[in-house]
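Written out below as C-alpha cells is the structure these notes cover.
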Amino acid sequence: MRWSQAFIPTLREDPADAEAASHRLLVRGGFVRQLMAGVYSLLPLGRRVRTKVMRIIREEMEAIGAQEFVLPELHPAELWRRTGRYEVMADVLLTLEDHRGGELVLGPTHEEVFTLLAAELTSYRELPQLWYQIQTKFRDEPRPKSGLLRTREFTMKDSYSFDLDEEGLDRQFRAHYDAYVRIFRRLGLPAIPVVASSGAMGGSGSVEFMVPAAAGEDDVAHCPSCGYAANVERATSTLPAVEDGEGPAAPEAFPTPGVRTIADLEEFPGGAPADRQIKTLVYFLDGRATLVLLRGDHALQEQKLRDATGAVEVRPARPEEIRTLLGADAGSLGAVGVEDVPIIADLALRGRRNLVTGANVDDTHLRGVDVERDVAVSRWEDLRAVRAGEACPDCGAPLEVFRAIEAGHIFKLGTRYAEALGATVLDVDGKQVPLVMGSYGIGVERNLATIVEVHHDDKGIVWPVSVAPYEAVVTIVKVDDTDSWETGKRIYEELEALGVEVIVDDRDERPGVKFNDAELVGIPFRVTVGPRGLAEGVVELTTRATGEREELTVAEAATHVARLVEEGRRSE
RNA sequence: CGGGACGUGGCGCAGUUUGGUAGCGCGCAUCGUUCGGGACGAUGAGGUCGCCGGUUCGAAUCCGGCCGUCCCGACCA
C-alpha cells in the first residue's frame with residue numbers, strides 16, 4: 001500500500017470529546033470515526049486491526065474444536081419472551097416493528113437463537129457440541145462511553161457449548177478458559193481471570209478476563225501474595241473480630257437529636273464506633289420492600305444483593321416510602337421489632353451483640369442490640385463491598401483493588417435456556433434430559449481498544465506485531481530524490497514479497513510529518529530511506545516499541561525486517 | 001434516569017456577559033523558497049453560528065422549546 005493513496009485521516013490535535021487514551025488515539029490515528037453516541041465507523045486502519053483480532057480469536061476457537069456459524073441479527077421478539085429475557089434485558093434491548101406489525105429485536109447476544117438450533121440435537125451421541133460466531137451485537141447502553149470500549153453496536157465472538165452433564169460443561173469451560181488465556185496473550189493483553197457475578201445471564205459460575213486499565217469500568221480485588229482475584233461484585237475478605245462486650249438483656253432506646261449518619265452517631269455521647277453500629281437500608285427488590293443490614297462501616301455491593309436474591313429490579317427506597325414503611329426517616333432506621341418486611345443481613349453481623357442502631361423513631365436509637373436475639377433476620381448473605389487493604393480470604397495478605405476492563409467473560413449457564421426452549425436429548429437410558437450449556441464472549445472492538453489502552457505512549461499507539469494494521473512502513477524521506485525513491489520502492493517490494501504487511505510512505509511531506517504519523521499510527525517497524533543514509537549505502541530501522549535505531553545495508557534491509565516481523569508475530 | 005458542561009468552516013477554539021451582520025490556529029488549493037522530526041512567504045476556497053419559534057429596526061449573542069454530544073453517578077453477558 002502507498003500512504004499517498006491510503007485513507008488515513010490523522011489529526012494533529014486531540015479530538016475534543018475523547019477522554020480515554022484509546023478513544024483519543026484511535027480517532028487521531030485515523031482508525032475510527034463516530035457516527036453517533038456509541039456507534040463508530042471503522043476506517044481502513046481500524047478494519048485491518050479488527051480483522052487481525054478476529055483472526056486470532058477464530059484460530060483459538062477452531063483449535064478447541066468450535067464450529068463457526070453466522071446467525072441473524074434480527075430476531076422475533078417472541079423468542080426473547082420465551083426465555084423471559086424480553087423483560088429481563090428490556091433496558092438494553094433495541095426493538096423495532098416490521099411493516100406487518102411484527103415485533104422484532106436486534107440481537108444483544110445469541111443464547112436464544114443458538115439454543116433453538118440446538119433443539120435439533122436428539123441424542124447424547126451427538127454431544128458435546130461447541131458452536132460459535134463472530135457477529136454484530138446491539139445493546140442500547142444507557143451510557144455509551146470511552147470510544148470503542150462501550151458502544152451500542154459492536155462485534156462479539158460468542159460461543160456456546162452443549163453437553164449432556166456438568167462434567168462435560170466443566171471440560172468445555174476449562175477448554176475455553178485456556179483458549180482465552182492464549183487469545184489474550186496473543187493480543188498482548190495482560191488479562192487476569194477473576195471470579196465474577198453472572199448477572200442477567202444466570203448460571204452457576206463465571207470467570208471474567210480483566211485487563212488493568214484506568215479506563216476500565218470494573219473494580220477487581222486482587223491478592224498480590226496468593227493470586228486470589230475477584231470482581232468486587234463477588235469479592236470477599238477476612239475481617240478481624242470486633243469485641244462487643246456484654247450487652248443488656250434487651251435493647252435500650254436513647255434520644256439522639258440531630259443524629260443522621262453513622263459518622264454522627266460515632267461522635268454522639270453514648271453512640272458507638274461505626275463497626276459496632278448496624279446500618280439499615282431499605283430496598284425494593286422487584287417491587288417488594290426489603291431491609292438490608294450491614295455493619296456501620298461497610299458499604300452495600302448492590303450486585304451481591306441482586307445475585308443473592310435473584311431480583312431483577314433493585315432500587316433504594318425513596319424517602320417517603322421509607323417513612324411509610326418504618327415510620328421514621330433515614331438516619332433513625334433499624335430492624336429491631338420489624339416483622340412484616342423481609343430482612344437480609346450481611347454475614348459480618350452474624351453473632352454480633354451490644355450494637356447500636358436506629359429505633360424507627362426520629363432522633364432515637366437503640367443500644368445493646370443483639371442481632372440474632374433482637375432482629376428477625378430472614379437470610380444471611382455476603383453483601384458488603386470489599387475494600388483495598390482488607391485481608392485476602394485465602395491467605396490473609398492485604399488485598400489491592402484496581403480498575404479493569406472486562407475483555408472476556410465465560411459462563412456456566414446450566415439448563416436454563418435449554419429448558420425454556422426445549423433443547424433436550426435422550427441419554428444412554430433413553431431418558432429425555434435438557435442440554436447443559438455454557439456461553440463464552442469476547443468483544444472484538446473492545447479488545448482492540450483495550451490493546452491501545454495498554455500499548456501506547458506520548459507519541460501514539462504501539463501495536464503489538466500480532467495486530468498491527470501494517471507490520472512495517474518504508475518512509476521515503478525525500479520523494480523527489482531519485483535514489484531514495486527507487487531504493488524505497490525496492491525495499492517495499494521486497495518486504496511484500498517476503499510476506500510482510502508493509503506500507504510505503506511516499507507522500508510529499510516533511511520528514512517530521514511522516515515520522516510523527518508512523519508513530520501515531522503505531523507501526524512496529526519503520527525503515528527510513530533518505531539521501532543521508534544512502535550516501536553511506538545504508539537505511540535506518542526504527543523499532544516503535546523501544547525507539548531503538550540501527551543502520552542496515554540496502555541489500556540486507558528487507559530480509560532483516562522480515563525476520564524481526566516473523567519473531568514479533570510468534571512471540572505474541 | 002439524576003447531576004454538570006458543551007454545540008460557531010474538515011479539526012481545535014475565540015466571540016455570547018454589554019445585540020450592529022463572524023474571527024484565530026491547524027488543515028485544504030495554487031505559486032515560490034525550503035526539505036532527516038509537525039517549514040516560510042504570497043494568494044485563495046470554505047461557515048443556514050445544532051434546529052424551531054419568540055423579542056427587536058437588527059440575534060451567534062436575549063427568551064422559550066426541542067435535538068445532539070461529552071463527563072460524573074445510576075445502570076451494564
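Every chain is numbered from 1 and lettered A, B, ... according to where its sequence line falls, protein lines coming before strand lines. Just so we're clear, the structure is a prediction, and the values are computed from it rather than from any experiment.
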Inset, instruction - For A:Y283 and B:rA74, give me the distance from atom OH to atom P, rounded to whole Å. - result: 10 Å
Legend entry - Value in whole Å for how far the C1' atom of B:rC76 lies from CG of A:N231: 12 Å
Inset, instruction - Starting at the 5' end of nucleotides 2-16 of chain B, put B wherever the base has a protein heavy atom under 4.0 Å, S where only the sugar-phosphate does, and a dash everywhere else. - result: ---------BSS---
Legend entry - Proximity to the side chain of A:R532 - top-ranked nucleotide from B:rC76, B:rG37, B:rG36: B:rG36
Legend entry - C1' gap between B:rG7 and B:rG50, integer Å: 6 Å
Legend entry - B:rC75 phosphate, OP1 or OP2, under 4.0 Å from A:Q303 side-chain N/O: no
Legend entry - side-chain contact (heavy atoms from CB on, under 4.5 Å) partners of A:R507, counting only residues at least two apart: A:W3, A:S4, A:D505, A:E509, A:K514, A:D517
Inset, instruction - Using modelled atom types only, decide if a donor and an acceptor are shared between the side chain of A:R526 and the backbone of A:T542 within a distance under 3.5 Å. - result: no
Are any protein N/O atoms closer than 3.5 Å to N/O atoms in nucleotides 31-35 of chain B? If there are, list each pair with its distance.
| unit_1 | atom_1 | unit_2 | atom_2 | d |
| --- | --- | --- | --- | --- |
| B:rU34 | O2 | A:R510 | NH2 | 2.8 |
| B:rC35 | O4' | A:R510 | NH2 | 3.3 |

Inset, instruction - For B:rC6 and B:rU16, measure between their C1' atoms and round to the nearest Å. - result: 14 Å
Legend entry - Pairwise P distance for B:rC52 and B:rU61, with rounding to whole Å: 12 Å
Legend entry - Distance, P atom - from B:rC49 to B:rG20, rounded to whole angstrom: 15 Å
Inset, instruction - Report the residue (A:K157 or A:E540) whose heavy-atom-nearest nucleotide on RNA chain B is the more 5′ of the two. - result: A:E540
Inset, instruction - Could you check which nucleotide pairs with B:rC75 in any of the strands shown, counting Watson-Crick or G-U wobble with both distances under 3.5 Å? - result: none
Inset, instruction - Please indicate whether A:D508 has more than 12 foreign heavy atoms, meaning atoms of other residues, nucleotides or ligands, lying under 6.0 Å from its CG. - result: no
Legend entry - Side-chain (A:W463) to main-chain (A:V521) donor-acceptor, under 3.5 angstrom: yes
Inset, instruction - Tell me, please, which residues at least two apart from A:Y283 pass ring-ring contact (aromatic ring centres under 6.0 Å, His included). - result: none
Inset, instruction - Have a look at A:D91 and say if it touches a base, only the backbone sugar-phosphate, or nothing, with a 4.0 Å heavy-atom cut-off. - result: sugar-phosphate
Inset, instruction - Let me know the distance between CZ of A:F7 and P of B:rG27, rounded to the nearest Å. - result: 18 Å
Inset, instruction - May I have the distance from A:R544 (atom CZ) to B:rG37 (atom P), rounded to whole angstrom? - result: 17 Å
Inset, instruction - State the pairing partner of B:rU21; accept Watson-Crick or G-U wobble contacts with both distances under 3.5 Å, and report none otherwise. - result: none
Legend entry - Phosphate OP1/OP2 of B:rC72: any A:K145 side-chain N/O under 4.0 Å: yes
Inset, instruction - Classify the nucleic acid contact of A:T542 as base, sugar-phosphate or nothing, counting any heavy atom under 4.0 Å across all strands shown. - result: nothing
Inset, instruction - Using whole Å, report how far CZ of A:R526 lies from P of B:rG37. - result: 10 Å
Inset, instruction - Rounded off to whole Å, could you give me the CG-to-P distance for the A:L35 and B:rC70 pair? - result: 12 Å
Inset, instruction - State the pairing partner of B:rC40; accept Watson-Crick or G-U wobble contacts with both distances under 3.5 Å, and report none otherwise. - result: B:rG32
Legend entry - Proximity of A:Y440 and A:Y160 rings by center, below 6.0 Å: no
Legend entry - Euclidean distance for P, B:rA39 against B:rG27 (whole angstrom): 8 Å
Inset, instruction - Provide the full list of salt bridge (Lys or Arg N to Asp or Glu O under 4.0 Å) pairs with a residue in residues 445-454 of chain A, sequence neighbours left out, each pair given once. - result: A:R50-A:E445
Inset, instruction - Mind checking A:E519 for me? I need base, sugar-phosphate or nothing, with any heavy atom below 4.0 Å counting as a touch. - result: base
Legend entry - Touch class at under 4.0 angstrom, heavy-atom based, for A:R549 against every strand present: base
Legend entry - Short side-chain N/O contact to B:rG25 OP1/OP2 from A:R12, under 4.0 Å: no
Inset, instruction - Kindly say whether the aromatic ring centers of A:Y177 and A:F209 come within a distance under 6.0 Å. - result: yes
Legend entry - Main-chain N/O of A:V92 paired to A:R139 side chain as donor or acceptor, under 3.5 Å: no
Inset, instruction - Calculate the interatomic distance between A:L94 atom CG and B:rC76 atom P; express it in whole Å. - result: 17 Å
Inset, instruction - Verify the distance criterion only: is there a donor paired with an acceptor across the side chains of A:E111 and A:T115 at less than 3.5 Å? - result: no
Inset, instruction - Check whether the side chain of A:R150 and the base of B:rC76 form a donor-acceptor pair under 3.5 Å. - result: yes
Inset, instruction - Would you indicate what A:E208 reaches in the nucleic acid, counting non-hydrogen atoms under 4.0 angstrom: base, sugar-phosphate, or nothing? - result: nothing
Legend entry - B:rA22 versus B:rC26 - spacing of their P atoms, nearest Å: 23 Å
Inset, instruction - Side-chain contact test, heavy atoms from C-beta onward, threshold under 4.5 Å: evaluate it for A:Y86 versus A:T95 and give yes or no. - result: yes
Inset, instruction - Let me know the distance between CZ of A:R403 and C1' of B:rC72, rounded to the nearest Å. - result: 11 Å
Inset, instruction - May I ask you to say what A:T528 touches in the nucleic acid, namely base, sugar-phosphate or nothing, with a heavy-atom cut-off under 4.0 Å? - result: base
Inset, instruction - Please work out if A:R315 contacts a base, only the sugar-phosphate, or nothing of the nucleic acid, heavy-atom cut-off 4.0 Å. - result: nothing
Legend entry - Min side-chain heavy-atom separation A:P15-A:R24 under 4.5 Å: yes
Inset, instruction - Taking A:H110 for its side chain and A:P72 for its backbone only, find out whether a donor-acceptor pair lies under 3.5 Å. - result: yes
Legend entry - Residues from residues 445-460 of chain A lying under 4.0 Å of RNA chain B - heavy atoms: none
Legend entry - Sugar-phosphate, base or nothing in reach of A:R152, heavy atoms under 4.0 Å: nothing
Legend entry - Flag side-chain contact, heavy atom, 4.5 Å: A:V561 against A:L541: yes
Inset, instruction - Scan side-chain atoms only and decide if A:Y40 and A:R152 contain a donor-acceptor pair under the 3.5 Å cut-off. - result: no
Inset, instruction - Could you work out the separation of B:rG12 and B:rG53 based on their C1' atoms and round it to a whole Å? - result: 32 Å
Inset, instruction - Just call it for A:P9: base, sugar-phosphate, or nothing, with non-hydrogen atoms closer than 4.0 Å on any strand. - result: nothing
Legend entry - Interatomic distance at C1', B:rG15 relative to B:rU21, whole Å: 14 Å
